[in-house]
Chemist: 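A single structure is presented below for examination.
All values below were derived from every heavy atom in this structure, side-chain atoms included, with hydrogens, water molecules and symmetry-related copies excluded. Chain letters run A, B, ... following the sequence lines, proteins first and then strands; every chain starts at 1.
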Amino acid sequence: MPDEANGDSLSPEGEVELYFKMCLIRAVEEHVVSAASIGLVPGSTHVSIGQEAITVGACSALDPKDLMLATYRGHGAFLANGGDIKELMAEIMLREPGCCAGKGGTMHLSDPEHGTLLTSAIVASQIPIAGGVALGCKLRNTGQVVMTFFGDGAACEGEFFETMNMAKIWNIPLVMVCENNGYALATPISKSQATPDIADRAKGFDMPAEIVDGNDVIEVRNAVARAVNRARSDGGPTLIECKTVRYGMHSTRSPGYYDNKEDANAWRDVDPIPRFRAALIEREVALPAALEEAEARAKMEALDAREFAQAAPLTSIETIRANVFAE
Amino acid sequence: MPDEANGDSLSPEGEVELYFKMCLIRAVEEHVVSAASIGLVPGSTHVSIGQEAITVGACSALDPKDLMLATYRGHGAFLANGGDIKELMAEIMLREPGCCAGKGGTMHLSDPEHGTLLTSAIVASQIPIAGGVALGCKLRNTGQVVMTFFGDGAACEGEFFETMNMAKIWNIPLVMVCENNGYALATPISKSQATPDIADRAKGFDMPAEIVDGNDVIEVRNAVARAVNRARSDGGPTLIECKTVRYGMHSTRSPGYYDNKEDANAWRDVDPIPRFRAALIEREVALPAALEEAEARAKMEALDAREFAQAAPLTSIETIRANVFAE
Amino acid sequence: MSDTVADPTRTLAMREAVTEALAEAMEENPDIILLGQDIGKYGGTFGVYRGLYERFGPDRIREGPLCESATVGFGTGLAISGMRAVVEISFMDFSTVAMDQIVNQAAKLHYFTAGKLKVPMLIRSTVTSRLGLGSQHSQSLEAWFMHIPGIKVAIPSGATDALGLMRTALRDDNLVYFIENSGLYAEEEEVPTEYYEIPFGSARVVRPGTDATVVALSSMVPIAVAAAEQLEEEGVSVEIVDPRTLSPLDMDTICESVGKTGRAVVTHDAHGTAGPGSEIVARIQEQAFDSLDGPVLRVCGEDIPLPAGLSVSKILPDEAKLIESIRTLVEKNW
Amino acid sequence: MSDTVADPTRTLAMREAVTEALAEAMEENPDIILLGQDIGKYGGTFGVYRGLYERFGPDRIREGPLCESATVGFGTGLAISGMRAVVEISFMDFSTVAMDQIVNQAAKLHYFTAGKLKVPMLIRSTVTSRLGLGSQHSQSLEAWFMHIPGIKVAIPSGATDALGLMRTALRDDNLVYFIENSGLYAEEEEVPTEYYEIPFGSARVVRPGTDATVVALSSMVPIAVAAAEQLEEEGVSVEIVDPRTLSPLDMDTICESVGKTGRAVVTHDAHGTAGPGSEIVARIQEQAFDSLDGPVLRVCGEDIPLPAGLSVSKILPDEAKLIESIRTLVEKNW
Ligand SMILES: Cc1ncc(C[n+]2csc(CCOP(=O)(O)OP(=O)(O)O)c2C)c(N)n1
Ligand SMILES: Cc1ncc(C[n+]2csc(CCOP(=O)(O)OP(=O)(O)O)c2C)c(N)n1
Ligand SMILES: [Mg+2]
Ligand SMILES: [Mg+2]
């Protein structure tokens with residue numbers, strides 16, 4: 001974990017590793033879109049393209065023992081937090097070796113071994129659950145910090161507020177990371193938020209809040225690191241709003257709505273990956289060739305994972321019937 | 001409705017009328033407690049003793065056409081808003097001539113004719129309903145303002161926040177009056193609120209909010225009048241927090257909890273009725289005799305109502321079976 | 001040319017039927033307001049509102065923030081203030097977020113105010129039992145709402161019924177929960193051109209038969225028809241009854257059928273245990289015990305959370321399971 | 001002196017039984033945390049937690065703000081983080097505020113993570129069906145939770161069962177919804193002094209009989225006993241079975257009884273339509289059709305929201321209604 005972290009506190013290798021992870025997520029998500037388009041991901045899947053800086057930056061500020069909960073738009077968070085790429089791909093394609101044996105699918109990932117407890121498909125529902133996990137960590141003095149991701153839409157649901165209130169009263173080690181991508185399905189924040197900044201919502205609870213550029217991986221990392229430090233030193237919860245721009249659609253099933261084509265393409269102008277690449281080169285952290293190598297490696301890993309998943313057996317009926325109750 | 005109202009905008013008669021109403025509520029509530037103690041109000045009843053300045057002050061700032069929704073602690077609001085005392089008493093004692101035919105009971109009052117739509121027994125549930133009523137008024141351009149009462153406990157429930165957000169976005173004529181009496185059942189606000197002031201919660205929505213002394217009927221009236229003016233002139237919603245002190249118990253069934261006897265009796269030191277009486281005399285608005293007369297009249301009306309209710313028939317099984325569906 | 005002239009019809013998909021009934025009612029009644037998320041230009045998660053925003057504008061097609069509980073509360077507030085609210089809860093699973101407002105408020109206000117308030121509100125949800133969207137996006141929860149007095153529950157199985165029931169719902173002064181299975185949206189039917197309504201509490205005999213009665217709900221209706229056609233070939237004649245509304249529930253039509261056939265199977269996607277079928281079974285044996293040649297059987301969703309992926313269909317009822325069940329009834333001597 | 005020495009017993013009220021089981025488990029397992037409103041020094045709305053705060057302190061008896069939804073969410077979070085949560089939802093009616101967390105999260109996490117997460121959580125609610133607190137404070141909603149796979153539902157009718165079931169619940173690694181009727185809290189029973197647990201899914205034959213079986217839930221159990229005693233005098237012998245848990249449901253014991261008596265009545269306070277009894281009836285006729293001399297009848301809460309006041313009992317089942325129903329079954333030749 002970076003101490004009052006900033007880009008400099010990372011080694012050059014560390015920064016390239018962040019870059020690699022962002023590329024890995026991008027490559028995986030592109031496979032997900034393509035797999036979905038040929039029917040390998042039935043139903044719907046919500047990719048996190050364009051939001052890689054948030055998940056990668058935020059997770060990089062956690063210790064390995066820390067815990068994380070995310071949303072149905074969770075592939076990126078899962079990978080950023082160290083989840084196995086093959087288990088992810090297999091899960092998305094509903095195969096036996098998936099991280100949830102292919103029963104959860106794209107919206108329900110779990111990998112407690114790497115600290116990813118769950119991703120939930122009911123908007124905002126994971127926020128109080130994360131609060132409870134944080135309370136458990138505090139009560140057992142484990143020194144763990146708990147982070148939860150959620151969207152701007154989730155910030156309209158009552159549980160977001162209920163959790164802020166409880167988190168502040170009980171002073172629990174919770175880091176609440178809002179990925180404000182400007183839309184909840186087809187609803188722009190102008191129609192869903194009393195003020196444009198979700199961070200405002202923390203004011204009523206006297207909870208520290210920060211707004212960061214969600215397309216700048218180092219800025220996200222640093223802000224989250226401050227929150228993690230606060231949480232770890234018993235300073236209580238923090239809300240971090242990461243401003244970003246949604247990748248031109250809500251999900252493969254529900255396109256969402258944009259007033260015009262420019263809005264739908266706006267994410268490209270702020271794409272965090274080329275931006276981080278340029279910064280790394282400008283700051284002379286890495287040579288273009290090294291970054292190209294990282295990107296190529298990411299693509300290779302993603303392709304491998306996809307091939308693994310496609311070759312894996314679909315979840316069996318025995319598996320489907322299992323786990324209704326714990327023994 | 002007072003225009004940028006203050007005590008002076010009320011005639012002396014008007015002020016004495018407020019005093020009378022406060023005395024009326026007090027007298028009714030005392031009958032309710034005594035009736036409950038001899039089994040005439042089975043179950044549980046939540047009286048509003050000590051909180052008369054809030055309901056009377058707030059309702060006095062409404063126009064007759066305005067609408068109001070309150071809570072299970074709603075006898076005071078019902079009367080303050082012009083409801084019939086006999087119908088109230090009969091309802092509390094579960095009699096046929098009750099305002100809800102004796103099927104709602106103490107927690108469920110309704111008197112649309114005088115603008116009291118409903119009182120709800122699920123904490124916070126009436127807040128979004130009030131929002132919807134306000135939206136309806138706005139859409140139909142009726143010029144009506146909608147007010148809802150709720151407690152400090154309700155300010156922990158998600159719907160309070162959801163409604164603030166919607167009310168602000170849609171700029172609806174809603175006045176949200178929080179009766180902060182320091183407790184939700186046995187839970188003091190120190191255990192239930194991230195900050196002691198509920199008014200803080202409006203900050204995150206850029207909604208105007210005021211804190212007033214809830215035991216000063218004129219102060220309440222003035223603050224609500226400002227909010228009503230704002231709402232009526234399409235200026236949107238307001239949150240008003242009225243600080244008060246609970247009457248030594250939560251309900252006749254659930255005493256609530258106080259750390260010590262002093263806390264349980266604290267309400268007496270700030271009792272709004274003697275306080276208003278003293279102010280009226282000091283400001284030479286009324287002679288002690290006139291106030292005594294008002295108080296005596298209130299007691300008489302309350303007694304009449306109680307006797308009426310006790311003599312009225314209990315709700316019949318035919319009535320009980322009616323109204324499951326509207327025809 | 002035949003003697004009787006068939007009533008003129010037109011082709012309509014179930015999705016279009018819902019849209020049409022909404023548009024028609026909004027045209028006629030300016031007090032109808034739609035509330036929900038993503039119902040504006042986007043047209044709703046399932047496209048049911050397409051075109052309405054353009055026709056009726058943002059005041060009446062009122063797209064709001066993502067908070068189902070307050071949204072239903074606002075709908076109730078609109079309804080008691082003299083408007084008529086239509087509230088979208090896109091997936092039926094999300095009704096869980098708004099249960100207090102639905103069950104304790106909207107369903108009960110008319111009752112406990114002794115009729116002073118009315119709540120003319122329609123809640124619409126789509127059930128996606130067979131899309132494979134996972135445990136939180138697949139549930140058929142109609143039994144919950146049947147259980148609560150003060151709620152009417154409509155659950156059409158095709159365009160004709162959806163149109164007629166929706167028209168009735170939009171004139172009813174009570175809370176109506178309207179449940180549409182996404183698998184039926186694209187299904188087309190010949191629908192009468194003349195205006196008609198379908199009263200609540202009137203089941204439809206989808207197909208006459210003499211050997212067994214199948215009471216089928218929603219997406220199980222077309223599957224039951226397929227099963228019946230298959231069995232017809234084997235000489236087993238199956239009558240299919242679609243209750244169309246669960247509350248009120250038309251037991252007369254169901255019992256009349258059972259009186260004729262002596263055998264009944266109830267089928268739906270919802271979990272079997274404490275599902276809508278449990279009530280139907282309980283009432284059949286209460287009201288038609290003497291007619292029964294054997295127990296009333298159920299072919300329902302297994303008691304397993306619905307997994308992601310198309311394998312979800314393996315734990316849902318299908319033609320084969322239904323045929324097997326009917327055969328058991330017909331063949332076995334009880 | 002008789003040959004057999006009776007097992008030693010002590011007198012315990014149902015409320016005390018619940019408190020004792022909680023205290024005992026908390027003593028033994030430091031990972032148990034209680035969450036809810038008013039559970040501290042006050043001891044809970046129904047006094048069930050009295051004394052626990054003094055014994056276990058504010059960290060473990062964690063009194064919090066009034067927000068049932070997030071409270072259940074926090075409970076789930078505690079549970080998946082390795083603790084065991086006990087969450088108070090004081091009146092069962094308030095479960096409506098937390099349904100998503102109960103039904104979509106806590107009940108399903110184990111399933112959709114393929115067993116990676118466990119949710120050892122107990123939710124406790126009191127049902128006040130007969131206190132006359134009005135429509136929003138009277139509901140018996142157990143059928144909703146029976147309907148959802150992944151939830152176990154316990155519904156004791158007295159101290160002995162409450163103690164044994166609560167002990168089991170506090171060792172179960174699943175979500176358990178524990179339902180207590182306030183009318184039973186003060187009822188005392190002779191309870192074994194020796195430690196015992198009652199496994200889920202084991203019904204109790206409360207009283208043996210030969211002419212008719214009454215399956216009774218919760219507060220209807222003592223009323224059924226009174227009815228049976230009355231009928232005994234008329235020469236009708238009634239066997240009473242208390243399922244004790246609705247999920248899992250012990251049909252073996254119920255069907256064994258029906259196999260003997262040939263007649264069954266199911267009774268509970270919950271609304272009849274789509275209530276827990278519907279499922280029990282459906283299963284009895286499925287599994288014991290050949291034994292039945294007549295339909296399985298139900299004596300349940302009417303399908304009316306519960307009004308305030310003690311007249312509420314008029315629309316709930318009682319001894320007279322139960323007796324009438326049993327007589328109908330016994331007298332009529334089907
Ligand atoms: C309670 C609930 N309501 C509605 C939905 C349907 N839905 C899924 S994602 C979504 C938009 C959420 O927006 P946001 O929180 O901003 O996250 P994003 O999709 O932008 O990542 C909606 C409405 C849901 N899953 N849960
Ligand atoms: C959703 C819900 N949870 C719990 C309760 C039980 N309950 C009734 S009143 C009350 C306290 C509410 O406190 P507050 O909002 O401050 O109002 P007050 O009683 O002080 O007027 C509680 C917990 C309820 N009625 N509804
Ligand atoms: Mg978003
Ligand atoms: Mg209070």
Side-chain angles (χ1 to χ4, degrees), chain A residues 67 69 91 96 98-105 107-113 117-118 120-140 142 144 146 148 157-167 169-170 172 174 315 319-320 322-327, chain D residues 30-31 33 35 58-60 62-85 87 97-121 148-152 172-176 200 247-248:
Chain A
L67 299 169
L69 296 85
E91 188 59 38
E96 281 284 351
C99 62
C100 293
K103 308 203 295 187
M107 303 207 277
H108 298 299
L109 310 171
S110 180
D111 178 18
E113 216 177 299
L117 290 177
L118 61 89
S120 181
I122 301 290
V123 170
S125 62
Q126 76 285 359
I127 305 176
I129 300 176
V133 175
L135 176 59
C137 295
K138 184 184 168 106
L139 288 174
R140 290 188 303 165
T142 63
Q144 288 163 295
V146 181
T148 179
E157 290 276 9
E159 289 187 319
F160 167 53
F161 300 94
E162 294 177 357
T163 303
M164 282 197 285
N165 192 35
M166 292 169 88
I169 297 169
W170 292 342
I172 54 179
L174 182 66
T315 299
T319 300
I320 283 176
N323 308 122
V324 178
F325 289 102
E327 294 310 307
Chain D
D31 285 336
I33 306 290
L35 277 186
D59 268 356
R60 296 186 62 195
R62 187 158 279 265
E63 193 163 43
L66 185 40
C67 48
E68 289 80 357
S69 189
T71 303
V72 175
F74 267 68
T76 303
L78 282 173
I80 63 173
S81 81
M83 321 283 284
R84 172 179 291 278
V87 176
V97 180
M99 286 301 278
D100 167 58
Q101 286 295 342
I102 300 171
V103 166
N104 291 330
Q105 315 304 328
K108 294 182 173 46
L109 289 184
H110 182 70
Y111 179 77
F112 71 58
T113 63
K116 283 189 175 173
L117 302 182
K118 281 185 186 168
V119 187
M121 175 159 74
I148 304 299
I151 310 182
K152 296 189 178 178
D172 197 297
D173 273 345
N174 296 284
L175 173 62
V176 177
F200 283 10
S247 181

Chemist: Can you find a heavy atom in the side chain of A:Arg140 that is under 4.5 Å from one in the side chain of D:Ser81?
Modeler: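 Side-chain contact under 4.5 Å: yes.
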
Chemist: Among A:Leu109, A:Leu118, A:Asp111, A:Ile169, who wins on heavy-atom pairs under 4.5 Å with chain D?
Modeler: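 When all of A:Leu109, A:Leu118, A:Asp111, A:Ile169 are compared, A:Leu118 has the most.
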
Chemist: Please report the interatomic distance SG(D:Cys67) to CG(A:Asn165), rounded to the nearest 0.5 Å.
Modeler: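 Here the interatomic distance stands at 6.5 Å.
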
Chemist: Can you tell me if A:Asn323 uses its side chain to pair, donor with acceptor, with the backbone of D:His110 under 3.5 Å?
Modeler: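 No; judged by distance alone, with no hydrogens or angles, the pair does not exist.
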
Chemist: Could you tell me which portion of D:Leu78 (side chain, backbone, both or neither) has an atom closer than 4.5 angstrom to a non-hydrogen atom of chain A?
Modeler: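 Answer is both: backbone and side chain atoms of D:Leu78 are under 4.5 Å from chain A.
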
Chemist: Step through the shown structure and confirm whether more than 12 heavy atoms of other residues, nucleotides or ligands are within 6.0 Å of NZ on A:Lys138.
Modeler: yes

Chemist: Would you mind reporting whether D:Gln101 and A:Glu159 have side-chain heavy atoms less than 4.5 Å apart?
Modeler: yes

Chemist: State, to 0.1 Å, how close A:Ala101 and D:Ala114 come at their nearest heavy-atom pair, and which atoms those are.
Modeler: CB-CB, 3.6 Å

Chemist: Search all heavy atoms of D:Phe74 against all heavy atoms of A:Ile172 and return the closest pair with its distance.
Modeler: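 So the minimum-distance heavy-atom pair works out to CE2-CD1, 3.8 Å.
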
Chemist: Could you tell me which portion of D:Lys152 (side chain, backbone, both or neither) has an atom closer than 4.5 angstrom to a non-hydrogen atom of chain A?
Modeler: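 Both parts, heavy atoms under 4.5 Å.
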
Chemist: Quick one: pull up CG in D:Leu35 and CE in A:Met166 and give me the separation to the nearest 0.5 Å.
Modeler: 6.5 Å

Chemist: Determine whether A:Ser110 and D:Leu117 make a side-chain contact, defined as any pair of heavy atoms from C-beta on separated by less than 4.5 Å.
Modeler: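 Counting from C-beta outward, A:Ser110 and D:Leu117 do come under 4.5 Å.
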
Chemist: Can you say whether D:Leu175 sits under 4.5 Å from chain A via the side chain, the backbone, both, or neither, judging by heavy atoms?
Modeler: neither

Chemist: For the residue pair A:Ala326 and D:Asn174, what are the closest heavy atoms and their distance?
Modeler: N-OD1, 2.7 Å

Chemist: Between A:Leu117, A:Thr163, A:Leu135, which shows the greatest number of heavy-atom pairs under 4.5 Å with chain D?
Modeler: A:Leu135

Chemist: Let's test your reading of the structure: which of D:Ile151, D:Asp172, D:Leu66 forms the most heavy-atom pairs below 4.5 Å with chain A?
Modeler: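 If we count pairs closer than 4.5 Å to chain A, D:Ile151 comes out on top.
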
Chemist: Nearest 0.5 Å please: distance from the OG1 atom of D:Thr76 over to the CD atom of A:Gln126.
Modeler: 12.5 Å

Chemist: Does any N or O in the side chain of D:Lys116 come within less than 3.5 Å of the main-chain N or O of A:Cys99, such that one atom is a donor and the other an acceptor?
Modeler: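 Yes; at least one donor-acceptor contact below 3.5 Å.
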
Chemist: State the CD1-CG distance between A:Ile122 and D:Asp100, to the nearest 0.5 angstrom.
Modeler: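 If I round to the nearest 0.5 Å, the distance is 5.0 Å.
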
Chemist: What are the two closest non-hydrogen atoms of D:Ala70 and A:Glu162, and how far apart are they?
Modeler: N-OE1, 3.1 Å

Chemist: Just so I know, are the side chains of A:Trp170 and D:Asp59 near enough to count as touching, which here means a heavy-atom distance under 4.5 Å?
Modeler: no

Chemist: Side-chain contact, heavy-atom cut-off 4.5 Å: D:Arg62 with A:Leu139?
Modeler: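 Heavy-atom side-chain distance check passes, below 4.5 Å.
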
